[in-house]
Amino acid sequence: KPDRRESFLAAMRADQDGALTAEPFCVSYIFGEDENEPDIFHMFELYKNGRDGFMAHSQSPSYKAWAEFKATDPFQEPAQVKYFDIAGAE
């Protein structure tokens, strides 16, 4: 929601910072705004050990704070989550 933009960005940055600085399985965590659709954001996270690495992230303090933020209904539409197998990744 446009009126939640700044709090959304703060919550995303906090989760990103926590994942990249305190989580051994986090390889990459990036997000950005769609160039053609304002207030639409895309994120990409890569974890060692695939889904298990992400599950470890989901237990972290930064993710728990992100989950609490998500529970406040900040989105215009439900977030779409997709998981991928990365070619050549171990």
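Residue indices begin at 1 and follow the sequence shown.
- Rounded to the nearest 0.5 angstrom, H57 NE2 and K64 NZ are separated by 11.5 Å.
- Here the closest non-hydrogen pair linking D17 and T21 is O-OG1, 2.6 Å.
- Between F8 and F41, the ring planes are tilted. Angles from 30° to 60° get that label.
- With contacts defined as side-chain heavy-atom distances shorter than 4.5 Å, the pair Q16/E45 does not qualify.
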Stepwise side chain to side chain contact (heavy atoms under 4.5 Å, CB included) test for L46 and F25
CA-CA 8 Å; L46 177 63; F25 294 117; over 6 Å; no

Carefully, step by step, assess E33 and D39 under the rule side chain to side chain contact (heavy atoms under 4.5 Å, CB included).
CA-CA 7 Å; E33 186 170 12; D39 296 316; 4.2 Å; yes

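- In this structure the side chain of S62 reaches within 4.5 angstrom of the side chain of E23, judged on heavy atoms.
- Side-chain contact between F31 and L9 is present, with at least one heavy-atom pair separated by less than 4.5 Å.
- Here CD of E77 is found 11.5 Å from NZ of K1. Values are rounded to the nearest 0.5 Å.
- Contact annotation: the side chain of F54 approaches that of Y63 to within less than 4.5 Å [non-hydrogen atoms, C-beta and beyond].
- Under the 4.5 Å side-chain contact rule for hydrophobic residues, V81 and F75 share a cluster.
- Of all heavy-atom pairs spanning A19 and C26, the tightest one is O-CB, 3.3 Å.
- A heavy-atom distance below 4.5 Å is not found between the side chains of M43 and I30.
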Go through the steps to decide whether M55 and N49 satisfy the test side chain to side chain contact (heavy atoms under 4.5 Å, CB included), and finish with yes or no.
CA-CA 10 Å; M55 293 309 295; N49 299 330; over 6 Å; no

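- R4 places no side-chain N or O within 3.5 Å of a backbone atom of Q76 that could act as its donor or acceptor partner.
- Note that CZ of F69 is 4.0 Å distant from OG of S7, once rounded to the nearest 0.5 Å.
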Run the numbers on Y29 and M12 for side chain to side chain contact (heavy atoms under 4.5 Å, CB included), then give the verdict.
CA-CA 10 Å; Y29 185 130; M12 285 290 295; 4.0 Å; yes

